[in-house]
Amino acid sequence: QVQLVESGGGLVQAGGSLRLSCAASGGTFSAYAMGWFRQAPGKERQVVAAIGRSGAYKYYENSMKGRFTISRDNAKNTVSLQMSSLEPEDTALYLCAARASNGNYYFTDRHDYGFWGLGTQVTVSS
């Protein structure tokens with residue numbers, strides 16, 4: 001089974017940038033589709049971005065398009081989320097998720113993912 005550990009969160013001013021990373025261990029990383037989700041207090045967990053096994057296919061939630069970039073490095077067992085033009089509404093706990101996959105496509109439903117990290121907090125001040 002794969003274990004996931006996120007890092008890179010913090011406090012940033014509106015308009016700023018952060019780069020989140022998720023390190024995977026305990027499995028064959030290239031066999032997993034990966035996703036970034038976020039959850040704010042009192043709100044449901046929502047998809048931020050997702051990426052297929054090879055990195056060829058990517059998905060972004062509408063409000064993140066043009067601001068966030070998901071990428072993966074299968075040689076280093078990491079998936080990253082580069083976030084720019086951050087807004088106070090982006091404040092949340094950001095979680096990395098993995099799902100074993102036979103294909104090359106991504107998954108956007110949180111119920112599709114069986115492995116989760118504990119998350120890294122992102123706080124954007126106005």
Chemist: So, Thr91 side chain and Val124 main chain: donor-acceptor pair closer than 3.5 Å or not?
Modeler: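 At least one qualifying donor-acceptor pair exists.
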Chemist: Is Glu61 reaching over with its side chain to a backbone N or O of Lys65, donor-acceptor style, under 3.5 angstrom?
Modeler: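 The answer is no, because no donor-acceptor pair under 3.5 Å joins these two groups.
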Chemist: Could you report the tightest heavy-atom contact between Ser126 and Pro88, atom names first, then the distance?
Modeler: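 So the two residues come closest at CB-CG, 3.8 Å.
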Chemist: Distance from Thr78 atom OG1 to Leu4 atom CG, nearest 0.5 Å?
Modeler: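 Going from the OG1 atom of Thr78 to the CG atom of Leu4 covers 11.5 Å.
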Chemist: Closest approach of Ala92 and Arg38, non-hydrogen atoms and distance?
Modeler: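 Heavy atoms only, the tightest pair is CB-CB, 3.9 Å.
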Chemist: Please tell me whether Val47 and Met34 are part of a single hydrophobic cluster in this structure, the criterion being side-chain heavy atoms less than 4.5 Å apart.
Modeler: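 Unlinked, Val47 and Met34 end up in two clusters.
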Chemist: I'd like to check the side-chain hydrogen bond (donor to acceptor under 3.5 Å, both in side chains) partners of Gln3; sequence neighbours left out, ordered by chain and number.
Modeler: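 Here no residue qualifies.
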Chemist: Taking all heavy atoms of Phe29 and all of Asn77, pick out the closest pair and write down the distance.
Modeler: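 Closest pair (atom of Phe29, atom of Asn77, distance): CB-OD1, 3.3 Å.
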Chemist: Verify side chain to side chain contact (heavy atoms under 4.5 Å, CB included) between His111 and Arg45, making sure each step is shown before the conclusion.
Modeler: CA-CA 10 Å; His111 299 107; Arg45 188 170 297 184; over 6 Å; no
Chemist: Donor-acceptor pair, distance only, cut-off 3.5 Å: does the side chain of Arg99 make one with the backbone of Tyr106?
Modeler: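 Flag not set: sc Arg99 to bb Tyr106 has no pair under 3.5 Å.
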Chemist: Does some side-chain heavy atom of Leu81 sit less than 4.5 Å from a side-chain heavy atom of Thr69?
Modeler: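 Result no, sub-4.5 Å side-chain heavy-atom pair not found.
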Chemist: In this structure, would Tyr32 and Tyr94 fall into the same cluster of hydrophobic residues linked by side-chain contacts under 4.5 Å?
Modeler: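 Linked, Tyr32 and Tyr94 end up in one cluster.
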Chemist: Does Asp73 use its side chain to pair, donor to acceptor, with the backbone of Ser80 at less than 3.5 Å?
Modeler: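 Not at all, since once roles are kept as given, no pair shorter than 3.5 Å links the two residues.
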Chemist: So which atom in Ala24 and which in Val2 form the shortest heavy-atom distance, rounded to 0.1 Å?
Modeler: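 Smallest heavy-atom distance, with atoms named: CB-CG2, 3.8 Å.
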Chemist: Trp116 ring centre to Arg110 NZ or CZ under 6.0 Å, with the angle to the axis within 45°?
Modeler: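 That pair does not qualify as a cation-pi contact.
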Chemist: So, does Lys58 use its side chain to make a donor-acceptor pair with the main chain of Ser71 at under 3.5 Å?
Modeler: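 Looks like no, no N/O pair under 3.5 Å.
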Chemist: Under a 3.5 Å distance rule, please check whether Asn104 uses its side chain to pair with a backbone N or O of Ser54 as donor and acceptor.
Modeler: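 It does hold such a pair.
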Chemist: State, with a plain yes or no, whether a side-chain heavy atom of Met83 is found less than 4.5 Å away from one of Leu20.
Modeler: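 In contact.
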Chemist: Same hydrophobic cluster for Ile70 and Leu93, using side-chain heavy-atom links shorter than 4.5 Å among ILVMFWY?
Modeler: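 Shared cluster, no.
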Chemist: Taking atom CG as the centre, does Asn102 end up with more than 12 heavy-atom neighbours from other residues, nucleotides or ligands that are less than 6.0 angstrom away?
Modeler: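 Count not over threshold, so no.
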Chemist: Distance from Leu86 atom CG to Glu89 atom CD, nearest 0.5 Å?
Modeler: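 That separation rounds to 11.0 Å.
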Chemist: Kindly indicate whether the side chain of Leu95, heavy atoms from C-beta on, has any atom under 4.5 Å from the side chain of Trp36.
Modeler: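 The answer is no, as the side chains (C-beta and beyond) never meet within the 4.5 Å cut-off.
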Chemist: Which heavy atom of Ser85 sits nearest a heavy atom of Asp90, and at what distance?
Modeler: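 Heavy atoms only, the tightest pair is O-OD2, 4.4 Å.
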Chemist: May I ask you to decide if the ring planes of Phe37 and Tyr113 are parallel, tilted or perpendicular, using 30° and 60° as cut-offs?
Modeler: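 The rings of Phe37 and Tyr113 stand perpendicular, inter-plane angle above 60°.
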Chemist: Is there side-chain contact between Gln46 and Gln39, with at least one heavy-atom pair below 4.5 Å?
Modeler: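 SC-SC contact between Gln46 and Gln39 ruled out.
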Chemist: Show me the pairs that pass side-chain hydrogen bond (donor to acceptor under 3.5 Å, both in side chains) and involve residues 6-18, at least two apart or across chains.
Modeler: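 side-chain hydrogen bond (donor to acceptor under 3.5 Å, both in side chains) check on residues 6-18 returns no pairs.
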Chemist: Keeping the roles fixed (side chain from Arg53, backbone from Ser30), state whether a donor-acceptor pair exists under 3.5 Å.
Modeler: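 Yes: the side chain of Arg53 pairs with the backbone of Ser30.
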Chemist: Could you measure the distance from the CZ atom of Arg72 to the OG atom of Ser21? Nearest 0.5 Å is fine.
Modeler: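 The distance works out to 13.5 Å.
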Chemist: Flag the pair Arg67 / Glu87 as yes when at least one side-chain heavy-atom distance between them is below 4.5 Å, and no otherwise.
Modeler: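 Yes, side chains in contact.
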Chemist: Establish whether Phe107 and Tyr105 are linked, either directly or via other cluster members, by ILVMFWY side-chain heavy-atom contacts under 4.5 Å.
Modeler: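 Phe107 and Tyr105: one cluster.
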Chemist: Spell out, yes or no, whether Tyr57 and Tyr59 are grouped together once hydrophobic residues are joined by side-chain heavy atoms under 4.5 Å, including indirect joins.
Modeler: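 Yes, one cluster joins them.
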